[in-house]
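In what follows, chains are A, B, ... by sequence order, proteins preceding strands, each numbered from 1.
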Amino acid sequence: MDMVDRRGSRAATGHGAGEAERYEKLYAMLLDAIPSSVLLIDAQLHVVSANRNFLEKARLTESDTLGQRIDAVFPPLILDHMDLARRVRKAFELNEPTRGERMTYRAPGLTTRVYYYSLIPFAWRGTVEHVMLLLEDVTEQMRLGEEARRAERHVASVVESASDLVLSTDVDGRILTWNAAAERVSGYTRDEVRGRLFSEQCSAPHRALVQQEFARARSGREFGTAEWDLVTKPGALVPVAWVGSAMKDDLGRVVAIVVVGRDLTERRKLEAQLLQSQKLAALGVLAGGIAHEIRNPLAISSSAAQFLLEDPDAPEFRRECAAQVQAGIRRASVIIENLLRFARPGARTDVEPLDLASVVRDAAALVVNQAKIQQINMVVELPPDPVRVSGVLSVLQQVFMNLLLNAVDAMPAGGVLRVGVARAGIEGQVRITDTGHGIPAGEMDKVFDPFYTTRPVGQGTGLGLSICYSIVKQHFGAIEVESVEGQGSTFTVRLPLL
Amino acid sequence: MTVENAMIRSDAAVLIVDDEPGMCWALGHILKGSGIVSVTATSGQEALRLAERQRFRLAFVDAKLPDAEGLELARRMREADPGIRIVLVSGYFYGDDPEVLQATAAGVINGFVSKPFLHDEVRTIARAALAP
């Protein structure tokens, strides 16, 4: 526009014809360089100028176009659709531009194109001389925009359709998004949780840990995996395994935190069933040792009773017999009590304060029978004071039972089984060391994997240690193994002290 | 019971091998009632040491000892003295346990007594073994 003005003004102030030609050329060059179609239309609706872009798009030549009325240049469809003649006349009358109108046009045999067009009157000394029609082909931009929106919708629907809980929070841990699975599992809609702290959606005992993980993520460090219970709207607890990651901007600053969670309810049910069958399997293994151990005191009591029936004379011997009967019965019933402590199906399943030393002592008391018949010397070292941890008794019993029976299994030709319970800083520690066949160095990282077993098919499920791992994790603890092939293994379980 | 004790009781005809002092007490008293002198060992090692120094006509051997399997101990005692009669006493095995039947058939043991037992069982076995 400026150039047109300038050209007009210079020509009018009487510069030479050469100068006018020079501006004409510059003007033509600029017009042709514009990646939009530009036409000048006069008051009689004739096209007086058309740039290269227009001619190429319209597949017209200059001679087809210049001096023609617009209805000879544009297809009738466009003319009607744009109502071009009326708009041009209006621009002449009002001397006001119209900008940014959109038009969709599909030429026969070509794909649909989308244009933005503007009509801009050119006035000189109060009179509108021409109206400039500017046509901009925005088909490509529209397509890109549409594609971006489609990709966005697709990602959104992937997140929505995920069976896992997917949510995001700001750097302070306040919830921004919350997908359908999160709504379904928690019972809270996204509107109800938006802006709330994610940690407050988790069960009270886990909140500090959640905040700790978020603080780590905020500082740009890896967000670990964890199992935190989600509190549902009706107030129930749902076990969920969470994985989080920090979302960073181009400068590497953490702008949000994305958290994905998997509902563990079904897995927990299966684990509970598995635990029960493991327990039964352990009882089967223990039965041999227990039978042997109970029949010894029974045999002694039985003999002592038979001596008494034979009516011996010596009062001292009679007393000795009676004492043997009593001691034998007491021993047998202690063994049965240990068995009951482990086997009783109605055992509590909730978290309670426990003495780690007594949990280990009870498990060891059952295993010692089995150890004895395999010529295994069992050394149990317990601290005098309780080692207080928080846990579910029946499942922790199973952890130590599994580890102890594994140790016994690793020593078919006898050996030493050391069991130690100790306090180590803020942790209670249980170490179980055998002098058995050990674990090959290459297999160390597999021992806690489900279905890893060294036993022949049918003699072990390979689930014992993976269950131990899962149980210890659920107790916020850790389980580790050290082993030298041919010399033995040490399993260490660490649990946070109360 | 130590080797020195065994030397003193060199007239003993029966060896009792059991890590349970109560079992040794019971078997010892049953035999004593029948006028049979016995010595006791509470481990496989001790039993072998005693058998090296003294010839026993009969041994009652527990199936599960802290340092040995009763059947393995029986094999070694028989190697040293093929004429000895060995009776396995156990709360671990049962009478028709395949391992027991096999050991009996192979001549490793001459009899089996399951815990708890009747005193007459033990007396009958001892008398038969010690009969001239």
Neighbour count >12 (heavy atoms, 6.0 Å) for atom CZ, A/R423
yes
Between A/R295 and B/S114, does a side chain to side chain contact (heavy atoms under 4.5 Å, CB included) hold up when you go through it step by step? CA-CA 9 Å; A/R295 284 172 103 185; B/S114 151; 2.9 Å; yes
Residues 355-386 of chain A vs chain B, non-hydrogen distance cutoff under 4.5 Å, contacting residues -> A/K372, A/I373, A/Q375
One should read off an interatomic distance between B/E20 CD and A/I300 CD1, to the nearest 0.5 angstrom, of 4.5 Å
Ordered numerically, the heavy-atom neighbours of chain B under 4.5 Å found in residues 324-336 of chain A are A/Q324, A/R331
Against chain A, residues from residues 79-110 of chain B with at least one heavy atom under 4.5 Å, in numeric order, are B/G91, B/Y92, B/F93
Taking a cut-off of under 4.5 angstrom between non-hydrogen atoms, the residues of residues 116-129 of chain B near chain A are B/P116, B/F117, B/L118, B/H119, B/R123
B/K115 vs A/L298, test: side chain to side chain contact (heavy atoms under 4.5 Å, CB included). Steps then yes/no.
CA-CA 8 Å; B/K115 293 176 186 174; A/L298 286 185; over 6 Å; no
Of the listed B/I30, B/L27, B/D62, B/D19, the one with the largest count of heavy-atom pairs under 4.5 Å with chain A is B/I30
Check your understanding: What do you reckon, is CZ of A/F307 surrounded by more than 12 foreign heavy atoms closer than 6.0 Å?
Key -> yes
Honestly, the part of B/A63 sitting under 4.5 Å from a heavy atom of chain A is neither
What is the ring orientation for A/F317 with B/H29, classed by angle as parallel under 30°, tilted 30 to 60°, or perpendicular over 60°? tilted
